[in-house]
Amino acid sequence: MSRSEKSLEKAPSPPETVDEKHHDVPADSPDAVNLTEPPKAEEVPPVSFTELFRFSTKLELFMNAVGILGAIAAGAAQPLMSLIFGNLTQVFVNFGTTLQDFNPNDPTSVSNYDSARANFRRIAAKDASYLVYIGLGMFVCTFTYMYTWVYTGEVNAKRIRERYLKAVLRQDIAYFDTIGAGEIATRIQTDTHLVQQGSSEKVALVVQFLSAFFTGFIIAYVRSWRLALALSSILPCIGITGAIMNKFVSKYMQMSLKHVAEGGTVAEEVISTIRTAQAFGTQRVLADLYDSHVEKSHIVDLKAAVFQGCGLATFFFVIYSAYGLAFSFGTTLIIRGHATVGIIVNVFIAILIGSFSLAMMAPEMQAVSHGRGAAAKLFATIDRVPSIDSESKEGMRPESVKGDISLEHVAFSYPSRPDVPIVKDLNIHFPAGKTAALVGASGSGKSTIVALVERFYDPLSGSVKLDGVDLKDLNVKWLRSQIGLVSQEPTLFATTIRGNVAHGLIGTPWENASQEEKTKLIKEACIKANADGFISKLPLGYETLVGERGFLLSGGQKQRVAIARAIVSNPAILLLDEATSALDTQSEGIVQDALDKASQGRTTITIAHRLSTIKGANRIFVMGQGVILEQGTHEELLADPEGAYARLVQAQRLRESTKGDAGMEGEAGRDSDSDTAASEKDMEKEARDEVPLGRKNTGHSLASEIMEQKRKAGELEKFEKDKEYSMTYLFRRMGSIQGDVWKTYLFGAFFATLTGLVYPAFGIVYATAVTAFQAVGDNHKLRKSGDRNALWFFIIAILSAICIGVQNYAFARAAGNLVAKLRSLVFRAILRQDIEFFDHEKNSTGSLTSNLSDNPQKINGLAGVTLGAIVQSIATIIAGSIIGLAFGWKLALVGIACMPALVSAGYIRLRVVVLKDQANKQAHEESAHLACEAAGAVRTVASLTREDDCCNIYSKSLEAPLKRSNRTALYSNGIYALSQSMMFFVIGLVFWYGSRLVSDGDFGTKGFFVCLFSTIFGAIQAGNVFSFVPDISSAKGAATDIINLLDSRPEIDAESESGKVLENVEGQIRFEDVHFRYPTRPGVRVLRNLNLKVEPGTYIALVGASGCGKSTCIQLIERFYDPLAGKVYLDGHDISELNIQDYRKHIALVSQEPTLYAGSIRFNVLLGATKPHEEVTQEEIEQACRDANILDFIKSLPQGFDTDVGGKGSQLSGGQKQRIAIARALLRNPKVLLLDEATSALDSNSEKVVQEALDTAARGRTTIAIAHRLSTIQNADCIYFIKEGRVSESGTHDQLLALKGGYYEYVQLQALSKK
């Protein structure tokens, strides 16, 4: 990633208040202010429901409509059942009355009884058969609506995912300065998932419940409007509580998600720079930082729990009180002759089904409203038209391009820091076809010019012109396809080398050329870029995969592939943003030669820190403070020895040893032209002969044998397969994680059990009440029993309200605690892993970050309210069976026999959905990974105009999960439909068999109703548990992931307490016969038999070609990896036996790409402290900063040490970041200082300042430096020249020059001056 890409820092995007054409915002305008403090644009109101379907096709909308009809019919089925249920109750009561009058001695009574009995059986059988027909209809309708909606939901979600990525990639770069790649990852994974849930079968379920509600009430009013009217009073109560509860819960949900996303950005920063975090042992501090975000979301979650508990309690209180009302008022109606028992039961059950449907609707509605909330954020991005719109078709596309670029009176400051002017009134002209170079201190605005020419930003005032046309009038994509950009840290995409170079053809006439033609162009470009040599020698040649961010190639190789990509389309303009700064001399020579060849005949703008690379430029511009200090050719500028340029050259000149001087003089006398020609030939030869890493195989090496043994021991496989765990084990583990929470769970479970008992208790009271109506004619008795039963119902209502409220609150609270704890633990577990863990594909930053945000959330789905519901259902089933058996064992046995049918259909669906969920999760993770890769490298994507290409690849990766889910949807929804219609069949059976038993006098009406209620309705209640299936399945997957992570003990465990602790450290380091290969690339040898020794307090330098193993030595000293064979010693102790935390305290690392975290400068410097932050005094911090040469700069900032550095330090220039990183390293006063090319990415000015800082830092410490620029290391006490993984020469600068060996050749390459 280039420096600026690191600047993806988190703050919502500013509202686009500025008119497109006039971007001249005065600094004091409201818009400018808005940018400094994060604007409040985050709270997007949810989109309207219909908006969710804005991307659906006509056909899909038609399918949805058919599904809706099915849902309406399915919804009507249950209230229709109440009609038949009422009739059946009436039949039973009538028969009961006949029984009361039955006198076996009276012949008329006997004949009446026989006819009544036959009649009773006949009607019961007829009504029962109606139930079966309704059940069949229910099956068909349910299947129709589930299948159509699941299908369209998947398709729609796929479209939204595609649109979102497309929209993200079309945004201007300023948008990404304020939004983290981590946030985009979260949006792509979590939010699109929420939208999918909110626009799939949940909608049809809502319709089904609505239909049940209306049908129920219509039937009720038709049968008895008086009773229906009285019962309707429960509606407003339900409605109001539901609304209030929903409002608060969703408000808190949004707040909680926001905090989680902020935490995600912190996590993304830390995980992507894990080496720094581990080297400084800052895992704890950073984890605490993350925890602060988790804690915020946790507090919000707890508030939501209170509202949920209270809301549900009121809800059920209202419904159960209604039972009391029905029987009290129903008695009145019967006495007055306005109704019969059948009508009362019918009306009552119809209203109950109707209002319960409203209740059941809440969670489905919630899914829809979450979907709307998530969609709002996605659509806000999808609809955001950036001021620089890469998608727009507008703008001129001139036929030919000369390539003449001029900047006129340009003023600019980055939108994320409007108060820091970067360039002021800048006038600069780059003539067509010529090479111009920009040099100057870091922060002087060089990279900004490149960004303006690429039109990543528009200038605040003034204009940038190409061939005299203002860039704003040109088509953005066209403009970018005319420009080749090679940046300092090139981003390659995770595809083949060929694919990466081919990206350069996008948006050009050759985009759709034949494969042969493309291959020809690609090969030509690679030959020009000196890359063909190493590519052809790779086993797979151009088809070699480069890995995520291109990490399988060395720096120089990556850089050359990037150059090939930039020139493959033969662009008119080439922008080189420090294209060679991060390379060593050998690669630099090859790459520089490639660049020289590449820039012939085009307008080239080079930014270089190494002046040797730009001597040949037609014009050199020296910049400082955003203006041009001087300009001219190399010779002209040197003519003024006091000029800025001459001083820069002076700073970079190598002190050539006196011995070498004479020899050099003679050589330089030759005609310099022939000399350059010769060196160019050399370079091409070098490039051709270059061997890809690890291809010189002679028999078996020691390392490969060790690898073999390890493989046999199964060590290498340990990463490949994750364990699967049983549900019980997962519960146990989660319980142990939350040691203190089990009390809350027990408390909740106790109340859940009580809630479960409500239903069976209800059955008894209900049966008593219905039987009481058999006393027809005795009004006094009817009144008394009616009122008493009503009172019982009311008491049940009060108790159930208390139980439900407590149960829901307790479970939601416990789950909230668990999730917060898990987030924190998982993040710590990730930071604890050794570096090898992060090298694996599947542990890329993107997927770790998104798992960190998703997995605990999924567990929340199960550990909270769902768990309560499960406990409650189990209690219902057990209690119901017992009570049923006590009242009428024959019927109860039939009921219990049917229970599995009612409960299991739900379970079968569980199995089906689980499998679909798991497969889908995998598939979408891969695609999210692609999306994050593109969003993370948005500058590269924009400069290559690769937006559409990324979107196409992404949409292809979404095809597979879609196909799979469509296949499983068929049978899973079939089974689900069966489970829904099962209840009608079972109730029909029970009524028919019950009518037999009652007519035979086995037991009375009361026994029958108790059995019916407690076994059948109990089982139906319990079957509802399975509506929570998706939660259970995804929670199981998530819990397994989490447990695997928490349990994985890395080989090099940064947290382990074991190992020796050294009292006083001298700082002597010794490598003894070290062999090493990276675990993820066992085929590539890195170190072979390396021996070196560093005496305490000396300064040694490691020099060598890129890929020779220099950085690996540093990583081995930091103990990021252990060598395969051989040992690394500190003061004679094998470092693998020392305590890691303590050992790393003696070492400080300053790497090439300094990593800072979002936070103040003070926070960043303090990360280096080895003691608790409270104990570090301001003096110590200032001293470290003084030594690092950055104190004056910090003091000059308005907020001093409290200045925020932005995400990944994006608000500072490279040199400033690097010096803060040095201050951080010095704060721990290390015995051993490791410098991994600490100055390579800086320009000469900063380099000088940083170099001084490093020289100060190195005094009195063991210092090991890797440097590509020899000027920085020539004073070293000893230089080790490393070649092919071993030391090929060592000695001081002068000794090595005298050897005339590899090092000497190396210095020649770098010699700046031909005198």
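Each residue takes its place number in the sequence, starting with 1.
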| query | Under 6.0 Å from the six-membered ring centre of F1076 and within 45° of its axis: does the NZ or CZ of R1088 meet both? | reply | no

Would you name the heavy atoms of [X] and [Y] that are closest together and state the gap between them?
X	Y	result
D467	G403	OD1-N, 3.0 Å
A564	A525	O-CB, 3.6 Å
I388	D458	CG1-OD2, 3.5 Å
V561	L492	CG1-CD2, 4.1 Å
A432	D404	N-OD1, 3.5 Å
L958	S927	CD2-OG, 3.5 Å

Please tell me whether [X] and [Y] have a donor and an acceptor in their side chains that are separated by less than 3.5 angstrom.
X	Y	value
Y542	N500	no
Y1303	S1288	no
T491	T940	yes
T435	R602	no

| query | So D1236 and R275, salt bridge (Lys or Arg N to Asp or Glu O under 4.0 Å) or not? Walk me through it. | reply | CA-CA 12 Å; D1236 186 353; R275 285 181 165 80; over 6 Å; no

If only atom types and distance count, is the side chain of [X] paired as donor or acceptor with the main-chain N or O of [Y] below 3.5 Å?
X	Y	answer
K1110	I1282	no
E524	T519	no
N475	M396	no
S943	R480	no
E933	A494	yes

| Steps toward side-chain contact (heavy atoms from CB on, under 4.5 Å) verdict (T544, R498) | CA-CA 8 Å; T544 309; R498 182 200 145 95; over 6 Å; no

| Do Q559 and S487 pass the side-chain contact (heavy atoms from CB on, under 4.5 Å) test, and can you show the C-alpha distance, the side-chain angles, and the key distance before you say yes or no? | CA-CA 8 Å; Q559 197 56 285; S487 58; over 6 Å; no

[atom1] of [X] to [atom2] of [Y]: how many Å apart, nearest 0.5 Å?
X	Y	atom1	atom2	answer
F430	R619	CZ	CZ	11.0 Å
W478	K393	CH2	NZ	16.0 Å
Q482	N570	CD	CG	10.0 Å
E511	D948	CD	CG	8.0 Å
N843	I274	CG	CD1	11.0 Å
K956	L930	NZ	CG	11.5 Å

Within the 4.5 Å heavy-atom criterion, are [X] and [Y] side-chain neighbours or not?
X	Y	answer
P386	R170	yes
T945	S390	no
R939	I173	yes
T606	L438	no
C526	I535	yes
F493	I953	no
C950	V941	yes
I497	E543	no

| field | Full working for ring-ring contact (aromatic ring centres under 6.0 Å, His included) between F456 and Y414 | value | CA-CA 11 Å; F456 285 153; Y414 285 101; over 10 Å; no

| field | Residue K518 excluded, over 12 heavy atoms near NZ under 6.0 Å | value | yes

| If you measure from the Lys or Arg side-chain nitrogens to the Asp or Glu carboxylate oxygens, is any gap between E391 and K477 under 4.0 Å? | yes

| request: Please test R560 against Q557 for side-chain contact (heavy atoms from CB on, under 4.5 Å), starting from the C-alpha separation and ending with a verdict. | output: CA-CA 5 Å; R560 278 175 283 160; Q557 293 168 342; 3.8 Å; yes

| field | Passing candidate, side-chain contact (heavy atoms from CB on, under 4.5 Å) with L466, options I573, V453, T603 | value |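 Between L466 and the candidates, side-chain contact (heavy atoms from CB on, under 4.5 Å) is satisfied uniquely by I573.
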
| task | Check the pair V622 / Q631 against side-chain contact (heavy atoms from CB on, under 4.5 Å), numbers first and verdict last. | result | CA-CA 6 Å; V622 185; Q631 52 177 326; over 6 Å; no

| request: Show your working on side chain to side chain donor-acceptor pair (under 3.5 Å) between Y1078 and T1112 and close with a plain yes or no. | output: CA-CA 9 Å; Y1078 285 101; T1112 307; 2.9 Å; yes

